[in-house]
Amino acid sequence: MVSTPPLEPQPQYATHDVTNQAPPLTPYDASEDAALIEGLRREGAGWAEADVRRLGLLAGGAEAQEWGEQANRHEPELRTHDRWGNRVDEVEFHPSWHRLMRVAVAEGLAGSPWADARPGAHVARTAGGLVWNHSEAGHGCPTSMTYAAVPALRREPELAKLYEPLLTSREYEPGLRVPTEKRGLLAGMGMTEKQGGSDVRTNTTVAAPTAEPGVYTLRGHKWFTSAPMCDVFLVLAQAPDGLSCFLVPRVLPDGTRNTFRIQRLKDKLGNRSNASSEPEFDGTVAWLVGPEGQGVKTIIEMVNCTRLDCVMASATLMRRTLVEAGHHARHRSAFGARLADQPLMRNVLADLALESEAATTLTLRLAGAADRAVRGDEGERAFRRIATAVGKYWVTKRGPAFTAEALECLGGNGYVEDSGMPRHYREAPLLSVWEGSGNVNALDVLRALTRDGRTAEALFAELALARGADARLDAAIVRLKDGLAAASETGARRLVEAMALALQASLLVRHAPPAVADAFCATRLGGDWGHSFGTLPDSADLEGILGRALGYGSGSAAG
């Protein structure tokens, strides 16, 4: 046998020493946002500040961030049958999904504001979503639909009396059981069908009356029905007198499963933690909500609520990715200086900060309008009608470009899944598609203007509150009035964009620091801007903008 000489010790090379990498952002405070806290107070929900701040710390904590990552890595799975061959049509979620949902419901992010008599309850909920959704975006879908279902269900008082106390509960109780035997319920919505999409009047699902008044059976196939494990759904179907709204429970009062055959789950670009399904109705028992033939009129209040949540979710993604980009720039060096100290990177971050603050401020203004509208303020109701559609169009349109730019601030680090930025980027386009694409919302603004003159009056009354404060804004309002007089379908997007920018500018002129308001008006209204983020003029007060948004003080940006 030949002996083998002992191995010589090998020199140690520092090939894997990690330097010049940003430390983990987590834990951080998702509520540490001046625009958010100021808007919360201004819109009448200052009483909720302590809860919002507590929720912000929880959202940015290591545990909640891990829940969000796990819920997206372990996607929901469809089980059509049990082991014995019985049809069950259930979707299984990772435990982290349920943890996220439990917090969201307990913190009042589902239907609870409808049971809260305090002025500002709906604002408090929106502010809670602006911080809690830093943890994960997908589970905001069932909480949003549950929130939105309540005002639509109130069109049928007997059904509302039965279900509203459970939809407004702060108890999360997953699993399919008789709804009235649970401590809390979640609601979903089934409007679109494959042949028509947003054109719901072309729906082919048929509702046949039964011998029992108000009870029907449905037959048809829905195309996008998210969160199929909700307890009840509001759906549209063709009744004898036209398109109507119905309540469909997953489990009937006698304990049997209602027919809700899930054909498949959608393989989506983003929003992977949330299940979106195609259910088939075949003899499915449903209860009429509102009069026959008034399905759109009945369910439109639900759409208004979920559109507000689309604006909120987009604003949340903006803030979340801005915080990530700012954190990276604070700790990463290149070409002899930290990124946060380099003028061009500061321009990019400041430009993103302007967009984020404008989105957050508008979101909270819309929430304030919603809160005051449900309490009987007709002026706010008219403002909400047009401004929510305007905000839905514009803020959600800005989301994808914003998240792409924030991702780029991290360079190649932002392009890998471990950073979390790709998940945010994939999520962003959803908010523009959900509850009506850009064209649908732009045309909805035109309809609101032509059908109810009070909506234009309410919008210009809001803009007039900033009259004389900035010449660029005053000029933009004049242009907007001229554009309104010549409004057409072809130019609807251009008109709605002008409305959105004027509205955001008016809010910032009134409520934001001069550095923010001046730069926004100079660029978005005055034309002193390029075609991408990071093209603010040399006159912009980058120090003031970044100090407010990210705490970058003068001379210590990366401190």
Check this for me: does any side-chain nitrogen of one of [X] and [Y] sit under 4.0 Å from a carboxylate oxygen of the other?
{"X": "Arg375", "Y": "Asp371", "result": "yes"}
{"X": "Glu497", "Y": "Arg398", "result": "no"}
{"X": "Lys161", "Y": "Glu158", "result": "no"}
{"X": "Lys182", "Y": "Glu173", "result": "no"}
{"X": "Arg41", "Y": "Glu49", "result": "yes"}
{"X": "Arg99", "Y": "Glu136", "result": "no"}

Can you check whether Phe233 and Phe246 have ring centres sitting under 6.0 Å from each other?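 Ring centroids of Phe233 and Phe246 are no less than 6.0 Å from each other.
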Taking side chain to side chain donor-acceptor pair (under 3.5 Å) as the definition, give me every residue that meets it alongside [X], ordered by chain and number, with sequence neighbours left out.
{"X": "Arg118", "result": "Asp116"}
{"X": "Lys266", "result": "Glu278"}
{"X": "Glu38", "result": "Arg548"}

Going by the salt bridge (charged side-chain N to carboxylate O under 4.0 Å, His left out) test, which pairs reach into residues 499-517, not counting sequence neighbours?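 Applying salt bridge (charged side-chain N to carboxylate O under 4.0 Å, His left out) to every pair that reaches into residues 499-517, excluding sequence neighbours, yields Glu462-Arg510.
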Filter on salt bridge (charged side-chain N to carboxylate O under 4.0 Å, His left out), then keep only pairs touching residues 305-327, sequence neighbours left out; what's left?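 Found Asp33-Arg319, Arg125-Asp309, Arg307-Asp444, Arg320-Glu324.
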Crowding at [atom1], [X] (>12 non-hydrogen neighbours, <6.0 Å):
{"X": "Arg467", "atom1": "CZ", "value": "no"}
{"X": "Arg201", "atom1": "CZ", "value": "no"}
{"X": "Arg154", "atom1": "CZ", "value": "yes"}

Cut-off 3.5 Å, side chains only: do Glu156 and Tyr163 have a donor facing an acceptor?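 No.
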Between Trp67 and His139, do the side chains contain a donor N or O and an acceptor N or O under 3.5 Å apart?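 Judged by distance alone, the side chains do not pair up.
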Could you state the interatomic distance from CD (Glu69) to OG (Ser135), rounded to the nearest 0.5 Å?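 Between atom CD of Glu69 and atom OG of Ser135 there are 13.0 Å.
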Given Asn203, which partner from the list Val235, Leu236, Thr192 fulfils the side chain to side chain contact (heavy atoms under 4.5 Å, CB included) test?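 Going through the options one by one, the only one that passes is Leu236.
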Among residues at least two apart in sequence or on other chains, which ones pass ring pair (Phe, Tyr, Trp, His ring centres under 6.0 Å) with Tyr28?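 So Tyr28 forms a ring pair (Phe, Tyr, Trp, His ring centres under 6.0 Å) with His134.
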